[in-house]
Structure formats: C-alpha cells, structure tokens
Amino acid sequence: MAGAQARRPKKLLRHRGARSLSCGVIAMQIFSEPILAALAGATGVSASALKLERPRDPKLGDLAFPCFLVAKERKAAPPAVAAELAATLSGKLPGITATAAGPYVNFRIERALLAREICGQVERDGAAYGSSSEGAGKTIVIDFSSPNIAKPMHIGHIRSTILGAALVRLCRKLGYKVVGINHIGDWGAQFGGLVVALRRWKSEVDLERDPVMGLLDLYQRSKAALKDDEAFRAEAVAAYQELESGREGEVRELWRWVTEVSMRGFNATYARLAISHELVRGESWYEPLLMPALERVKAAGITEISQGALVVTLGEIDKSLKETPCLLQQTNGTTLYATRDLAALFSRWEEFQFERCLYVVGGEQKLHFRQLKGVLKRMGCDWEARVEHIDFGLLLGPGKKKIASRKRGEVLVLDDLLDEVSEAALAVIDAKNPELANKHKVADEVGLGALVFNDLKRERVKDVIFDTAEILSFEGDTGPYLQYTHARLASILRKAAANKDAALGAQPDWSVLETAGEILVALGRYGDVVRSAAAKAEPSELSQYLLALARDVSTWVSSSDNRVLGSAGPDGAARLALVRCSKSVLGNGLQLLGVAAPEEM
RNA sequence: GCGCCCGUAGCUCAGUUGGAUAGAGCAGCGGAUUUCUAAUCCGCUGGUCGGUGGUUCGAGUCCACCCGGGCGCGCCA
C-alpha cells in the first residue's frame with residue numbers, strides 16, 4: 001500500500017468502562033460521596049441516580065447539584081427545591097457549605113480541608129496519581145503510525161504517530177496491557193514497480209548517503225512509468241508475482257533490502273520522538289493468513305459474487321452502506337485492502353482477546369473501517385464493538401489544500417520538521433535564557449513539545465491547517481507554555497531547597513490556600529480527565545485540562561499575595577505543597593501526552 | 001447523485017455528553033519587570049453559537065429540513 005498515504009488520519013462508542021460514577025474523581029470522591037449520600041437522604045432518590053456537576057462559574061462553588069429532576073418529581077419549582085435542600089443540608093456536612101442559587105445547590109468545600117485532602121492525595125500517590133486499575137488483566141491493541149516503506153516519514157504520518165503514542169500511554173496509565181502495533185505498509189503491487197525501477201535506474205540515484213530519499217525518487221519514477229510505459233508495467237507485474245510466490249532470489253532480496261533500509265530510517269525518527277511499538281508487523285506478515293481469513297468469511301455464508309468480485313453486502317445491517325459492499329477478492333483472485341485488515345483483525349483477536357482494538361487512522365478511511373466492522377457483525381463476531389476506528393481530520397496546507405497528497409511529489413520530511421522546531425526553540429533559549437545548561441537537549445524537548453502538543457490540543461476530528469509559524473510560536477495555548485509553567489514551579493522548589501527555606505520543615509497552614517480553590521479542585525479532577533480521555537480516545541481533553549490548570553497556576557504564582565519563598569513557615573509550607581502538587585500533575589499530564597517536562601528552560 | 005463528518009469572536013479553538021450571565025489563545029489597544037524564569041501576568045475591545053422550524057421547565061448541545069465547507073463511494077491502499 002505504499003502508493004497511498006499510509007494509514008492516516010472518530011467514532012465514539014459506548015464504553016463499558018466510561019460509565020462515569022456520578023461525579024467521579026477519586027480524589028474528589030472524599031467530598032462528593034458524602035454530599036451525594038446526604039442528597040439521597042434528603043430527596044429519597046438513590047445516590048447513584050443523582051448527579052453532581054461543576055458550577056459554570058467556579059466562584060459559585062466546587063460542586064453543584066441541579067434540582068430540575070427532583071423538582072419535576074415533586075412537581076415543585078426548582079429554585080424552591082434548591083432552597084429547601086440547601087436548608088436541610090446546612091450544617092450536616094462537616095467542612096462543606098450548601099448554598100442555593102436559583103435552581104442549583106452549590107457546595108463549597110472549606111479551603112483548608114480541600115487543600116489538605118487534595119495535596120495529601122497527590123503527594124501520597126506521586127507519579128502514580130491519576131492512575132487506576134480499571135484495566136487490570138485487560139489488553140488494548142493500538143494500531144498506529146504505520147508508514148509505508150520506500151518513503152521517508154513525512155508530516156502526513158505525524159498525527160497517527162503522535163495520537164497513537166498518547167493513547168498508548170493513557171491506556172497504560174489506567175492499568176491496561178497495551179500492545180502498540182506498527183502495521184508497516186510493506187506489501188502490494190507497487191513493489192513490483194519499485195523493483196523494476198531499482199533494476200533500471202539504481203545508478204542514477206544516491207542510495208549510499210541517504211537511501212530512503214533515493215528510494216523515494218525511484219518510487220516516484222516508477223509510478224510515472226507504470227502509468228505510461230507498457231513494458232515497464234508488464235515487468236512490474238511479473239516482479240510482484242515473483243515476490244508473492246515467496247521464492248528466494250533477486251526480487252525477494254531487493255524487497256528485503258528496501259524494507260531494512262526503510263525501517264532503519266523510521267527507527268531513527270521514532271527514537272527522536274521517543275516512540276516505540278510492541279509489535280512491528282508489516283502487511284507481509286499477514287500474507288499467509290489471507291486465504292484462511294477469506295475462507296472464514298466464506299464459511300460464514302455471507303459472501304456473494306458481484307460483477308465477478310467476491311463481496312459482502314452490508315445494506316441489511318446499515319442502510320447507509322447499501323451501495324458500498326465490502327470487496328474481499330478481485331475478479332483475478334487477488335485479495336484487497338479489506339481482506340488484509342480482516343486477516344489482521346482475526347489474528348489480533350485470537351492472539352490478544354483485546355478489550356479494545358484501536359485503529360488510529362485518518363478520517364478519509366472511515367468507510368473502510370465501517371465496512372470491516374460490518375463484515376464482523378454479519379459474521380456474528382460479538383467482539384465487533386471492541387474494534388474502533390480512531391479517526392482524525394485532514395492535514396491541510398495553506399489555502400486548506402490537502403497536504404502530503406498522494407498525487408504530489410514534494411513531501412515535508414518529518415526529520416526536517418523536527419530539526420526546524422528544535423532550531424527555533426534553541427533561538428528562543430539563546431534570547432531568553434542563554435546561560436541554560438543542556439541547551440540543545442532542552443531545545444529538542446521544547447521544539448518537539450510544541451509540535452506534539454499542537455497535534456493533541458484540539459479534537460481529533462478537526463482538520464489541522466499545517467502552519468509552521470503557529471507551531472513555532474511558543475506563546476499562549478502551546479506545549480512550551482505548559483513546559484514553562486512547569487519549569488517555573490520547578491524553579492521555586494529548587495530555590496526553596498537551596499535556601500533551606502523555613503517552610504521546608506513546617507506544618508502547613510492550609511488556610512493560606514483560600515484563593516487556590518480552583519487549582520485544588522482541578523488537581524482533584526485529574527484522574528477523571530485521564531479516564532475520560534482514554535475512554536473516548538481523545539487526548540485533547542487532557543490537553544485542554546492542562547492548559548486551564550496551567551493558566552490558573554500561573555495566575556496564582558504571579559500574584560504577590562502568594563509568594564512562596566520567604567513567607568512564614570506554615571504559610572510557606574502550604575504554598576510549597578501546592579507548587580509541588582501542581583508541578584507534579586502538570587508533569588504527569590505532559591508525560592502522558594508525550595511532551596517532555598524540563599526542570600529548566 | 002448517495003453516505004459520513006464539520007460549521008461558536010477578525011483568526012485558531014474550548015464549551016463538563018440537555019442546565020446558571022457562551023469561555024480561552026492569537027491578532028489589536030492599554031498596563032505590570034531592582035521578576036520565587038516576562039516563553040509570564042492583569043485590563044480593554046471583540047458573539048444573530050451557519051439558517052429555519054421542532055422536541056421541553058430549559059437547546060451552542062437532541063430531531064427534521066435547508067445553506068456552506070470537507071472526506072468518501074467495487075476490483076488502489
């Protein structure tokens with residue numbers, strides 16, 4: 001499938017695990033549980049049926065209970081119910097005040113209590129904060145990145161790679177065993193053309209210094225020749241047949257060499273991105289499984305011949321697929337894309353019995369995955385719902401033109417882009433913090449952080465306009481902003497330690513965190529955010545959360561009222577704890593996204 | 001033509017899965033610096049949530065239709 005874009009650029013399913021427990025947060029459960037219990041007592045409705053939410057304006061309170069449903073049941077006005085509930089609950093919940101505001105009862109947790117509980121939890125759990133055991137004993141398979149050999153990785157691969165890697169970490173955080181699979185495009189008729197191009201023009205390109213770029217050149221020439229040159233085409237077909245036969249010889253040798261050279265290139269890029277897969281399995285790996293897979297579908301009795309091809313019709317399970325049956329075998333007997341993915345799916349199900357199998361592939365392949373799932377459904381595979389296409393929007397260039405289109409020759413090589421962002425970050429460091437140690441390492445981390453976060457900050461389905469200027473701007477809603485906030489917090493902690501600040505040994509006076517309520521509530525919500533992001537396969541939820549947290553923390557830290565160092569011991573101790581916890585959660589979240597969190601920048 | 005997705009401030013996007021007065025960043029304007037890192041912080045300006053109907057206590061969110069943009073649609077992957 002080297003001819004196409006690699007598997008690139010949602011479909012939210014109902015996940016059993018995603019069913020949220022009313023308000024949710026483990027850290028916040030300490031507060032939400034007694035509130036829900038009290039509400040249940042006051043309303044006569046079971047606690048599990050009641051829902052707490054976040055007030056629109058945090059000034060109103062930390063948790064809110066909308067009274068509409070209870071009011072309906074009682075045939076009363078919501079504000080009256082709210083007032084009554086607030087009065088009933090008042091004084092019943094230690095450390096929590098209930099206030100009626102219109103149709104809501106808002107709950108406000110005493111700041112000192114909130115701070116002590118949340119900070120205690122964050123510090124106790126350390127790096128494990130936000131994790132859970134919901135995935136214990138369960139496996140999630142994630143197919144991501146999946147470039148095609150004979151071509152360098154280019155910006156067209158970046159979204160699947162970055163999204164997939166983030167999903168791997170998110171799922172792992174929840175205790176799942178995660179198997180990342182790189183489904184390398186190393187098979188297909190186009191390799192016949194490449195082999196012939198190698199025979200004919202090998203000497204005309206530089207395969208020594210930069211084999212991948214040389215191969216790209218040959219690949220593009222072969223595509224042109226396949227179109228225009230009859231003899232070339234015939235030779236290419238023969239070469240592919242030779243490859244498919246499995247016989248050792250020149251063709252097989254060449255294919256192996258191309259694969260090896262390409263994988264070396266990919267691995268170098270993955271190393272820079274700190275990304276790895278548990279399994280690297282090219283399409284060729286599934287080759288022996290193709291016919292058995294086809295037989296399996298046939299045996300289910302759902303196939304038919306249509307215009308000479310073997311198809312599975314899908315109209316009966318989904319009307320919108322009426323006109324688009326799934327093709328499994330061409331008239332000439334060869335298998336197709338869907339056959340390969342079906343074979344891969346069967347193999348993966350048998351090997352892993354996965355809880356979920358995620359395909360991080362572009363939205364333009366939506367039909368393909370709907371068809372695959374349609375076939376599974378018709379076959380009666382009860383695990384069909386576990387297969388999810390994690391789709392994402394297109395990568396657009398200036399003028400909203402699709403970038404890295406298969407028709408265009410020019411590609412923006414991923415390595416070049418990595419160099420560019422890293423250089424830009426270095427320039428900023430030289431301007432802002434020229435004394436910084438490890439400049440180059442930090443520049444790599446910041447540049448890469450900008451690139452990665454850019455791809456994870458918005459909803460997957462949204463198309464992304466590739467704008468270098470935007471990526472290279474390190475201000476505002478960017479990865480470097482988060483890194484910077486983290487580094488500032490790190491700096492405070494460093495100085496406290498170096499100065500032997502009076503706060504270090506002191507017993508914290510949590511009441512000084514009166515103005516940090518929003519930060520504390522946010523810290524308490526972290527685990528829920530991680531869970532939701534993983535369940536929906538939507539890392540942007542975590543990104544948006546981190547941005548909001550960093551903004552609140554920056555505001556708090558910037559205020560002279562909250563000076564940490566040099567304040568009285570108990571005050572300083574509480575503030576230091578907030579700094580530690582904020583830094584910890586920011587760093588934790590960044591790590592999950594795949595953005596480094598340097599201590600200094 | 002058919003199917004799927006998207007449409008929120010000048011630009012790029014959030015909006016807690018039907019709830020309170022729709023929020024950020026960028027851009028623009030004005031402030032804060034003997035800085036616990038100014039890659040920052042504060043303030044101002046900026047909105048018929050594409051349109052019209054509907055569902056109900058309540059709609060940016062759900063439904064129908066329409067408009068605009070995108071992707072896809074049998075022997076490619």
Side-chain angles (χ1 to χ4, degrees), chain A residues 1-7 9-10 12 20 53-57 60 64 66 68 71-72 77-78 101-104 106 148 185 187-190 283 306-311 319-332 334 336-338 340 362-368 370 391 393-394 396 400 402 406 425 428-429 431-433 446 457-459 461-465 467 470 473-478 480-481 483-485 487-496 499 501 525 528 532 536 540-541 544 547-548 551 554-555 557-559 562-566 575 579 600-601:
Chain A
M1 80 185 226
Q5 187 60 67
R7 306 189 122 165
K10 126 202 157 187
L12 306 190
S20 69
E53 46 187 60
R54 279 190 292 150
R56 183 165 285 283
D57 183 351
L60 293 167
F68 303 100
K72 192 171 192 176
Y104 292 86
N106 291 318
N148 300 319
W187 205 250
Q190 66 282 354
E283 294 185 303
S306 166
Q307 299 167 35
L310 187 77
V311 308
K319 269 181 263 170
S320 67
L321 292 176
K322 197 160 179 247
E323 308 292 328
T324 48
C326 183
L327 266 78
L328 293 177
Q329 197 173 28
Q330 304 186 67
T331 311
N332 67 11
T334 55
L336 287 154
Y337 187 39
R340 296 195 189 156
E364 64 267 31
Q365 292 195 35
K366 231 181 239 184
L367 177 59
H368 168 69
R370 287 178 66 207
D391 67 339
L394 261 42
L396 304 173
K400 301 210 173 188
K402 191 174 169 184
R406 58 183 83 171
V428 176
I429 292 171
K432 311 232 179 215
N433 193 2
V446 172
K457 76 174 171 188
R458 55 206 132 208
E459 232 187 334
V461 278
K462 293 262 173 20
D463 289 344
V464 171
I465 295 171
D467 182 351
E470 194 195 330
S473 135
F474 300 148
E475 293 170 13
D477 284 351
T478 65
Y481 170 68
Q483 294 173 313
Y484 182 72
T485 308
R488 282 177 73 189
L489 299 177
S491 173
I492 294 174
L493 299 177
R494 218 166 31 240
K495 287 191 174 161
N499 301 346
D501 195 276
R525 266 185 350 109
D528 251 10
S532 176
K536 295 181 194 159
S540 68
E541 289 192 1
Q544 294 294 335
L547 282 173
R551 238 178 270 128
S554 291
T555 299
V557 161
S558 300
S559 163
N562 301 318
R563 215 176 147 85
V564 178
L565 300 179
R575 291 181 182 137
V579 168
E600 282 183 82
M601 63 185 272

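This is a predicted model, so every value here is computed, not measured. So you know, we letter chains A, B, ... as the sequences are listed, proteins then strands, and number each from 1.
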Could you list the protein-to-nucleotides 62-67 of chain B atom pairs, N/O on both sides, closer than 3.5 Å?
none

Contact list (N/O, under 3.5 angstrom) for nucleotides 42-46 of chain B vs protein:
unit_1 : atom_1 : unit_2    : atom_2 : d
C42(B) : OP1    : Thr555(A) : OG1    : 2.8

Within the sub-3.5 Å range, which N or O atoms of nucleotides 13-15 of chain B have a protein N or O partner, and how far apart are they?
unit_1 : atom_1 : unit_2    : atom_2 : d
C13(B) : OP1    : Asp463(A) : O      : 3.3
A14(B) : OP1    : Glu459(A) : N      : 2.7
A14(B) : OP2    : Lys462(A) : NZ     : 2.7

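Partners of Lys462(A) by salt bridge (charged side-chain N to carboxylate O under 4.0 Å, His left out), not counting sequence neighbours, listed by chain and number: Glu459(A). Taking Leu493(A) as the reference, Leu576(A), Val579(A), Arg580(A), Lys583(A) meet the side-chain contact (heavy atoms from CB on, under 4.5 Å) condition, with sequence neighbours excluded. Take Glu470(A) and apply the side-chain contact (heavy atoms from CB on, under 4.5 Å) test, not counting sequence neighbours, and it matches Asn454(A), Lys457(A), Arg458(A), Asp467(A). For the salt bridge (charged side-chain N to carboxylate O under 4.0 Å, His left out) test, no residue two or more places apart in sequence or in another chain qualifies with Arg488(A). For Asp463(A), the side-chain contact (heavy atoms from CB on, under 4.5 Å) partners two or more places apart in sequence, or in a different chain, are Leu394(A), Leu396(A). Checked against side-chain hydrogen bond (donor to acceptor under 3.5 Å, both in side chains), Ser320(A) has the following partners two or more places apart in sequence or in another chain: Asp318(A), Arg370(A). A search for side-chain contact (heavy atoms from CB on, under 4.5 Å) contacts involving Ala338(A) returns Cys326(A), Leu328(A), His368(A), Leu372(A), not counting sequence neighbours. Considering only residues two or more places apart in sequence or on other chains, Asp477(A) meets the salt bridge (charged side-chain N to carboxylate O under 4.0 Å, His left out) condition with Arg551(A).
Side-chain atoms of Ser554(A) lie closest to C41(B) of the nucleotides A20(B), C41(B), G74(B).
Summarising the geometry, the separation between CG on Leu367(A) and P on G3(B) is reported as 13 Å, rounded to the nearest angstrom.
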**OP:** Determine which bases of RNA chain B form Watson-Crick or G-U wobble pairs with both distances under 3.5 Å, and write the result as a 5' to 3' dot-bracket string with | for other-strand partners.
**Re:** (((((((..((((.....[...)))).(((((.......))))).....(((((..]....))))))))))))....
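Nucleotides G3(B) and C63(B) have their P atoms positioned 16 Å apart, rounded to a whole Å.
When the side-chain nitrogen and oxygen atoms of Lys366(A) are compared with OP1 and OP2 of C4(B), none of them lie within a distance under 4.0 Å.
In terms of heavy atoms, Thr478(A) sits closest to Leu547(A) at N-CD2, 4.2 Å.
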